[in-house]
Q: 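Mind looking over this structure? Questions follow.
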Amino acid sequence: MNAKPEQLQARGGALLTPRSSTAPGAFLAASAGVRLLVGGWTTRGGTCRQRSTRRTPARWVCMDQGAAPVGTRKSIQALENALQPTAFHRRVTILGSTGSIGTQTLDIVRSCPDKFSVVALAANGSNVELLAEQTHEFSPELVAIRDTARLETYREALRQRGVPEPPHIVAGEDGVVECARYGDADVVVTGLVGCAGLLPTVAAIKARKDIALANKETLIAGGPVVVPLVHEYGIHLTPADSEHSALFQCLQGAPDGALRRIILTASGGAFRDWDVSRLAHVTAADALKHPNWNMGPKITCDSATLMNKGLEVIEAHFLFGIDYDAIEIVIHPQSIIHSAVEFQDTSVLAQLGWPDMRLPLLYALSWPHRLRIETFRPLDLVQVGSLTFRAPDHDKYPCMLLAYAAGRRGGTMPAVLNAANEVAVELFLRNELEFMGIPAVIERTMQRHDTSDWKQTPTLDDLIAADAWARRTAREEAAKRPIYPAGANLETQKT
Ligand SMILES: NC(=O)C1=CN([C@@H]2O[C@H](COP(=O)(O)OP(=O)(O)OC[C@H]3O[C@@H](n4cnc5c(N)ncnc54)[C@H](OP(=O)(O)O)[C@@H]3O)[C@@H](O)[C@H]2O)C=CC1
Ligand SMILES: CC(=O)[C@@H](O)[C@H](O)COP(=O)(O)O
């Protein structure tokens, strides 16, 4: 199995230079407000319900601060209410409609026209032909294109298709925000990439739209603001990320305080069977060969570094209000078990299915209902044959530990981790940074943030400022040569 949580904490802590102590792990212990143990109870925000019976120094589960509606009396009531109508129709806005998440969401709408219809679509503008095709087929009332330079080409693509009633068209980042809060959409699917999803998601919540959350970076960067907003505006945020959908499904109906541990499964990404010594020379093309999933380039690269799993640890923390010590990562090469929960009595529930994003997207859109789509292929366990598991290799995947460290530090640090990762991945995909330079850039950016203007309880403006600062700093760090002295930096700090 995985490293014990306390080992992760110690190793995660050792990745960052402690400010006031050189003891391993002291960085995290010294991170005020992250997790202070007082008389056996943690004082981190939220009411902690349970102490696990495991003999680890600290193992706590908080079930009432998460964004997803599970595990509290209030959310079980929400579930009962949502189940009342037997027939439903949901009006859907899709941010990132031309991407992997967007096109698969539209597949679902196409399959269930009685259940779902499209209100608005947004895209960056790199594929206006596809956006025009989608406009023709789904007749959105409004379309947003972030890249204003692509507007005219899109209009021309609409003319060529003879779209009878062209939609209202908006452009730029403000246009994407307008799209997110537009009209009478019931739910907004966040399928755009990166922290660019933050402001549109905040706008959608304030317009009282439910959120089907695929864009995990929004929660990583914006969790301290987004989670309270979800509660303030009384909307439902349902996870679409396959792992969190699995957890969400397993937790339906679980009583308050029942959850003991989360087991996040990871495919291991493109390099899961490569020796760590070969990673210094891998190319973007190598990293983009995901073994199981067909996804956009950014998340595929994150899978190869296992930063995707690190981001998902933070995402699980914000969605389910669970402490970092109770979230473990396990490599599961088949990607059939999409994640599992352990309850207090050690019973484990997992959710299984083929690696097909349409299933978690369907559940995020139809929760708490269960819809049947005939084209969905039922799982065949005999065909699967065997399910295997192994512990993640920390030398190969330093990003994972950086994410644990950022999550435990809390406040603005996850936003900094996320922004530095976005910059480093973009540079790597452009062949301007080596693969193992990705964790090096992120670690250095986090170190500089820790000693400059880390904030424990950030506002939205603080998070946006931290994101912008981290992008500038990560570019500066990436420009230094040598960026990564053959692994010496991380190696030295781990010993
Ligand atoms: N793909 C998957 O299976 C999964 C993805 N996710 C998450 O979902 C999100 C989307 O991933 P994925 O679909 O793979 O990404 P893709 O790169 O395939 O698609 C991204 C989409 O977002 C649009 N877009 C990008 N930037 C902006 C912007 N600033 N404003 C408006 N639209 C924008 C793109 O438009 P254009 O085409 O014009 O460039 C495209 O439609 C990510 O956060 C990812 O981590 C989570 C789980 C699984
Ligand atoms: C499809 C999905 O939800 C992704 O998060 C996927 O699980 C990534 O694969 P890895 O397990 O390789 O990160």
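Counting convention: from 1, in listed order, for ligands and their atoms alike.
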Q: What is the closest protein heavy atom to atom 8 (C) of ligand 2, and at what distance does it sit?
A: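 Here the nearest protein heavy atom works out to N308 ND2, 3.2 Å.
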Q: Using 4.0 Å as the upper bound for N to carboxylate O, is an ion pair formed by R390 and D273?
A: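 Judged by the 4.0 Å cut-off on N to carboxylate O distance, D273 and R390 do form a salt bridge.
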Q: Taking the basic N atoms (NZ, or NE/NH1/NH2) and the acidic carboxylate oxygens, is any pair closer than 4.0 Å for R90 and D210?
A: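 A salt bridge is present here (some side-chain N lies under 4.0 Å from a carboxylate O).
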Q: Side chains of S267 and H290: is there a donor and an acceptor less than 3.5 Å apart?
A: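 Side chains of S267 and H290: pair found under 3.5 Å.
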Q: Consider only side-chain N and O atoms of T388 and Q334, and report whether a donor and an acceptor are under 3.5 Å apart.
A: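 The answer is yes; a qualifying pair exists.
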Q: Would you check, one step at a time, whether the test ring pair (Phe, Tyr, Trp, His ring centres under 6.0 Å) holds for W274 with H281?
A: CA-CA 12 Å; W274 294 40; H281 308 294; over 10 Å; no
Q: Side chains of S97 and Q134: do they bring a donor and an acceptor to under 3.5 Å?
A: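 Side-chain D/A pair, S97 to Q134: present.
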Q: Quick one: which of H244, E315, E243, E312 gives a side chain to side chain donor-acceptor pair (under 3.5 Å) with K216?
A: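 So, applying the side chain to side chain donor-acceptor pair (under 3.5 Å) to K216 and each of H244, E315, E243, E312, only E312 qualifies.
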Q: Given that the side chain starts at C-beta and the backbone is N, CA, C, O, which of these parts of R272 lies under 4.0 Å from ligand 2, counting heavy atoms, or is it both or neither?
A: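 The answer is neither; R272 stays 4.0 Å or more away.
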Q: Angle class for the F435/F271 ring planes (parallel below 30°, perpendicular above 60°, tilted otherwise)?
A: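 Taking F271 first and then F435, their aromatic rings stand perpendicular (interplane angle over 60°).
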Q: Any chance the side chains of Y363 and Q249 put a donor and an acceptor closer than 3.5 Å?
A: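 No pair is found: no donor N or O on one side chain lies under 3.5 Å from an acceptor on the other.
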Q: What part of H338, side chain, backbone, both or neither, has a heavy atom within less than 4.0 angstrom of ligand 2?
A: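 Under 4.0 Å from ligand 2, H338 contributes no heavy atoms.
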Q: Less than 4.0 Å between a side-chain N and a carboxylate O, is that true for E426 and R430?
A: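 Counted as a salt bridge, because a side-chain N and a carboxylate O are separated by less than 4.0 Å.
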Q: Tell me whether E422 is salt-bridged to K298, with the criterion being a basic N under 4.0 Å from an acidic carboxylate O.
A: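 Looking at K298 together with E422, the answer is no, because their closest N to O distance does not fall below 4.0 Å.
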Q: Could you tell me which atoms of ligand 2, counted from 1 in the order shown, lie closer than 4.0 angstrom to a heavy atom of K216?
A: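 It comes down to these atoms of ligand 2: 5 (O).
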Q: Does a donor on one side chain sit under 3.5 Å from an acceptor on the other, for T459 and D461?
A: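 On atom types as modelled, these side chains do not qualify, holding no pair under 3.5 Å.
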Q: To the nearest 0.1 Å, how far is atom 5 (O) of ligand 2 from its closest protein heavy atom, and which atom is that?
A: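 The answer is E312 OE2, 2.8 Å.
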Q: Which atoms of ligand 2 have any heavy atom of S303 under 4.0 Å away?
A: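 What qualifies from ligand 2 is 8 (C), 9 (O), 10 (P), 12 (O), 13 (O).
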Q: Enumerate the atoms of ligand 2 whose separation from the nearest heavy atom of A266 is less than 4.0 angstrom.
A: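 Selected atoms, number and element: 11 (O).
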Q: Note the single closest protein heavy atom to atom 12 (O) of ligand 2, along with its residue, its atom name and the distance in Å.
A: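 So the nearest neighbour among protein heavy atoms is S267 OG, 2.4 Å.
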Q: Are there any N/O pairs under 3.5 Å between ligand 1 and the protein, and if so, what are their distances?
A:
| residue | atom | partner | partner atom | Å |
| --- | --- | --- | --- | --- |
| ligand 1 | 1 (N) | S100 | OG | 2.9 |
| ligand 1 | 13 (O) | S100 | N | 3.2 |
| ligand 1 | 13 (O) | I101 | N | 2.9 |
| ligand 1 | 14 (O) | G296 | N | 2.8 |
| ligand 1 | 18 (O) | S100 | N | 2.9 |
| ligand 1 | 32 (N) | N124 | N | 3.3 |
| ligand 1 | 35 (O) | T98 | OG1 | 3.4 |
| ligand 1 | 35 (O) | N124 | N | 3.0 |
| ligand 1 | 37 (O) | T98 | OG1 | 2.6 |
| ligand 1 | 38 (O) | N124 | N | 3.2 |
| ligand 1 | 38 (O) | G125 | N | 2.7 |
| ligand 1 | 38 (O) | S126 | N | 2.8 |
| ligand 1 | 38 (O) | S126 | OG | 3.1 |
| ligand 1 | 39 (O) | S126 | OG | 2.4 |
| ligand 1 | 41 (O) | G96 | O | 3.3 |
| ligand 1 | 41 (O) | T98 | N | 3.2 |
| ligand 1 | 41 (O) | T98 | OG1 | 2.6 |
| ligand 1 | 41 (O) | G99 | N | 3.0 |
| ligand 1 | 43 (O) | L192 | O | 3.4 |
| ligand 1 | 43 (O) | N215 | ND2 | 3.2 |
| ligand 1 | 43 (O) | E217 | OE1 | 2.6 |

Q: In the protein, which heavy atom is nearest to atom 3 (O) of ligand 2, and how far is it?
A: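 Going by distance alone, atom 3 (O) of ligand 2 is nearest to S242 OG, 2.6 Å.
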Q: For H290, take its heavy atoms, then give the atoms of ligand 2 lying under 4.0 Å from any of them.
A: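 Numbered from 1, ligand 2 contributes 9 (O), 10 (P), 12 (O).
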Q: Answer yes or no for M295: is there a heavy-atom contact with ligand 2 below 4.0 Å?
A: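 It does; at least one heavy atom falls under 4.0 Å.
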Q: Tell me the protein heavy atom at minimum distance from atom 7 (O) of ligand 2, and give that distance in Å.
A: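 Here the closest protein heavy atom is E243 OE2, 2.4 Å.
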